[in-house]
**Q** 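The following block contains the structure, expressed as structure tokens.
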Number of protein chains: 2
Amino acid sequence: MSLRHALLALLTAQPMSGYDVTKVFDRSETFVWHAPHSQIYPELRRMEVEGLIAAESSQRGRHGIKRMYSVTAPGRAELRRWVCEQMPPEPIRDAQRLKSAYLEFGSLDNARRQFKAHLEHYELWERLWESHVVQLRARATPLNRTGIRGDSIPWK
Amino acid sequence: MSLRHALLALLTAQPMSGYDVTKVFDRSETFVWHAPHSQIYPELRRMEVEGLIAAESSQRGRHGIKRMYSVTAPGRAELRRWVCEQMPPEPIRDAQRLKSAYLEFGSLDNARRQFKAHLEHYELWERLWESHVVQLRARATPLNRTGIRGDSIPWK
DNA sequence: GAGGCCATGTAAATGGTTACATGATTGC
DNA sequence: GCAATCATGTAACCATTTACATGGCCTC
């Protein structure tokens with residue numbers, strides 16, 4: 001159940017609306033987590049009910065309400081709990097690797113095409129990732145002397 | 001929907017029962033595809049109904065029936081179709097990477113523990129993978145002159 | 001006859017995808 | 001007034017996980 005923690009993590013950067021989160025998560029080129037808005041909005045609501053995030057609501061027209069969510073103290077505690085928890089490694093389910101193991105059922109030309117597309121995709125992805133990292137670095141603030149961030153609830 | 005193609009691919013090696021497939025797929029250390037038996041048995045049944053595989057049944061006690069499945073001609077055709085089809089890259093949903101980006105919410109000690117566990121796991125995995133590959137190579141048969149395998153339905 | 005592995009299922013719950021649906025605000 | 005983008009939701013479906021459930025065969 002990591003959609004929840006991805007949302008929590010993203011919202012620690014700054015308060016955001018569901019729509020803002022969607023712009024980050026709902027694109028083919030995400031860097032760590034993908035989710036469509038149909039998954040994001042209900043999950044944000046559940047997290048609000050459970051007190052992990054809080055909404056600042058504002059009216060929009062006669063029907064709509066816009067909600068800016070921010071992480072609460074329990075939310076930060078949950079994020080820290082999750083960060084410290086050991087997760088079992090995720091089961092492997094890799095369609096590309098599966099296919100590559102059975103390319104012999106197609107033609108040589110097809111194998112070349114598949115590998116080429118794969119390479120091109122991930123070369124592009126890597127370039128995007130690298131420029132993303134450059135931007136992150138530019139915005140980064142140094143860690144404090146304890147080397148940690150967040151509030152004062154102690155970890156074990 | 002690649003569970004289906006993983007099953008198809010595995011069954012091309014030799015006829016197998018659902019239980020045999022399970023032994024390959026239902027373990028924490030799979031190499032390309034993981035699935036529990038509760039997913040495997042129903043899918044095999046559906047594939048049989050659709051004619052992609054055929055079952056050789058044998059009685060087991062008063063209630064049980066054991067089924068040995070093998071891939072049919074339509075099944076091989078479907079596998080080849082899938083192998084030749086370009087798949088869109090899978091959306092990224094990587095809990096480990098997500099966590100590693102937010103380790104600053106935990107302690108330095110915790111970060112070390114997490115990275116260490118990760119490393120140990122994948123070092124073991126890599127060793128297993130390498131010995132698996134050695135075994136596969138020992139059993140491999142050379143490709144024929146066309147460099148392809150399967151039956152005579154032509155590909156484009 | 002007990003324990004381990006062979007063998008096969010179903011059911012409930014959760015997580016994720018795709019499609020349907022609506023309306024507001026902003027800038028041209 | 002039109003288009004793009006802001007903004008939010010629901011519903012149906014499919015894939016996956018976890019738990020429940022049963023019985024056969026073989027060897028000690």
Side-chain angles (χ1 to χ4, degrees), chain A residues 1-8 11 15-28 30 32-50 53 55-69 82 87-95 98, chain B residues 1-8 11 15-28 30 32-50 53 55-69 82 87-95 98:
Chain A
M1 216 223 317
S2 283
L3 168 59
R4 167 160 303 203
H5 299 106
L7 290 168
L8 226 35
L11 288 175
M16 278 180 176
S17 68
Y19 185 80
D20 295 329
V21 174
T22 295
K23 275 191 298 181
V24 178
F25 282 20
D26 183 18
R27 44 181 63 234
S28 44
T30 328
V32 291
W33 204 270
H34 167 83
H37 78 277
S38 62
Q39 214 186 348
I40 292 167
Y41 286 111
E43 183 64 23
L44 286 172
R45 287 305 200 82
R46 279 190 293 269
M47 290 166 72
E48 191 194 353
V49 168
E50 294 174 43
I53 56 179
E56 177 98 1
S57 304
S58 63
Q59 202 66 27
R60 247 178 75 93
R62 254 183 310 289
H63 309 285
I65 290 176
K66 177 179 172 174
R67 291 181 179 79
M68 291 296 277
Y69 291 103
W82 175 76
M87 293 184 299
E90 314 170 57
I92 293 172
R93 216 172 286 112
D94 188 331
L98 173 63
Chain B
M1 217 221 317
S2 283
L3 168 60
R4 166 159 305 201
H5 299 106
L7 290 168
L8 226 35
L11 289 174
M16 280 181 173
S17 68
Y19 185 79
D20 296 330
V21 175
T22 294
K23 275 191 296 180
V24 178
F25 282 22
D26 184 16
R27 44 181 61 236
S28 44
T30 329
V32 293
W33 203 269
H34 166 84
H37 78 276
S38 62
Q39 215 186 347
I40 292 166
Y41 286 112
E43 183 64 23
L44 286 172
R45 288 305 200 80
R46 279 190 293 269
M47 288 164 72
E48 192 193 354
V49 168
E50 293 174 43
I53 58 179
E56 177 98 1
S57 304
S58 63
Q59 202 66 28
R60 248 178 75 93
R62 255 183 311 288
H63 309 286
I65 290 176
K66 178 180 171 173
R67 291 181 179 80
M68 291 295 276
Y69 292 103
W82 175 76
M87 292 185 300
E90 314 170 59
I92 293 172
R93 216 172 284 111
D94 188 333
L98 173 62

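Chain naming here is simple, since letters A, B, ... match the order of the sequence lines and numbering starts at 1 in each.
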**Q** Looking across every strand, which nucleic acid part, if any, lies under 4.0 Å from G64(B) by heavy atom: base, sugar-phosphate, or nothing?
**A**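 The residue G64(B) makes no contact with any strand.
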
**Q** From the options dT16(D), dA24(C), dA19(D), select the nucleotide whose nearest atom is closest to the side chain of S38(B).
**A**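 For the S38(B) side chain, the nearest candidate turns out to be dA19(D).
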
**Q** Return the 5'-most residue of the pair G18(B), S2(A) with respect to DNA chain C, ranking by each residue's nearest nucleotide.
**A**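 So the residue in question is G18(B).
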
**Q** Reckon Y19(B) has a side-chain N or O less than 4.0 Å from the OP1 or OP2 of dT8(C)?
**A**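 Y19(B) to dT8(C) OP1/OP2: no side-chain N or O under 4.0 Å.
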
**Q** With hydrogens left out and only the distance checked, is there a donor-acceptor pair under 3.5 Å joining R60(B)'s side chain and the base of dC25(D)?
**A**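 Not at all, since no donor on one side and acceptor on the other fall under 3.5 Å apart.
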
**Q** Would you indicate which nucleotide in dG9(D), dC20(D), dG16(C) comes nearest to any side-chain atom of Q39(A)?
**A**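 Within the option list, the nearest is dG16(C).
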
**Q** Keeping the roles fixed (side chain from R27(A), backbone from K23(A)), state whether a donor-acceptor pair exists under 3.5 Å.
**A**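 It does hold such a pair.
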
**Q** Whole angstroms only, please: what is the CG-P distance between L3(B) and dG15(C)?
**A**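 Rounded to the whole Å, the gap is 20 Å.
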
**Q** Round to the nearest Å and state the distance from R62(A) atom CZ to dT22(C) atom P.
**A**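 Rounded to whole Å, this separation is 16 Å.
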
**Q** Can you check whether D20(B)'s main-chain N or O pairs, donor with acceptor, with S17(B)'s side chain at less than 3.5 Å?
**A**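 Yes, the answer is positive, given that a donor and an acceptor are paired below the 3.5 Å cut-off.
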
**Q** Reading DNA chain C from 5' onward, which residue's closest nucleotide shows up sooner: S17(B) or P91(B)?
**A**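 Counting from the 5' end, the first nearest nucleotide belongs to S17(B).
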
**Q** Please determine, for the side chain of R93(A), which listed nucleotide (dT17(D), dA15(D), dC6(C)) has the closest atom?
**A**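 Ranking dT17(D), dA15(D), dC6(C) by closest atom to the R93(A) side chain puts dT17(D) first.
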
**Q** Expressed in angstrom and rounded to an integer, what is the separation of H37(A) atom NE2 from dG23(C) atom P?
**A**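 Distance check: H37(A) NE2 to dG23(C) P gives 15 Å.
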
**Q** When you get a sec, tell me which of dT17(D), dA7(C), dT8(D) is the closest nucleotide to the side chain of D20(B)?
**A**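 Of all the options, the side chain of D20(B) is nearest to dA7(C).
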
**Q** Among dG24(D), dG16(C), dT8(D), which nucleotide has an atom closest to any side-chain atom of K66(A)?
**A**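 So the nucleotide nearest the side chain must be dT8(D).
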
**Q** Where the side chain of K23(A) is concerned, which of dG9(C), dC6(D), dT18(D) is the nearest nucleotide?
**A**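 Nearest nucleotide to the side chain: dC6(D).
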
**Q** Quick check: does any side chain N or O of R67(B) sit under 3.5 Å from a backbone N or O of S57(B), one acting as donor and the other as acceptor?
**A**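 Checking the backbone N and O of S57(B) against the side chain of R67(B), no donor-acceptor pair under 3.5 Å is found.
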
**Q** How many whole angstroms separate atom OH of Y41(B) from atom P of dA11(C)?
**A**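 After rounding, the reported distance stands at 17 Å.
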
**Q** Between E43(B) (CD) and dA15(D) (P), how many Å, whole number?
**A**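 Spelled out: CD on E43(B) to P on dA15(D) is 7 Å.
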
**Q** Could you check how far CD1 of I40(A) sits from C1' of dT18(C), rounded to whole Å?
**A**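 Distance check: I40(A) CD1 to dT18(C) C1' gives 15 Å.
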
**Q** Measuring to OP1 and OP2 of dG9(C), would you say a side-chain N or O of R67(B) lies under 4.0 angstrom away?
**A**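 So the side-chain polar atoms of R67(B) do come within 4.0 Å of the phosphate oxygens OP1 or OP2 of dG9(C), strictly under.
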
**Q** Testing the basics here: between L44(B) and L11(B), what is the closest heavy-atom pair and its distance to 0.1 Å?
**A**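 Smallest interatomic distance, heavy atoms only, reads CD2-CD1, 4.1 Å.
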
**Q** Calculate the interatomic distance between E48(B) atom CD and dT8(C) atom P; express it in whole Å.
**A**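 Taking CD of E48(B) and P of dT8(C), I get 12 Å after rounding.
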
**Q** Return the value, rounded to whole Å, for the distance between atom CZ of R4(B) and atom P of dA15(D).
**A**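 Taking CZ of R4(B) and P of dA15(D), I get 8 Å after rounding.
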
**Q** Which atom pair, heavy atoms only, marks the closest approach of A6(A) to W33(A)?
**A**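 The pair with the smallest heavy-atom distance is CB-CG, 3.9 Å.
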
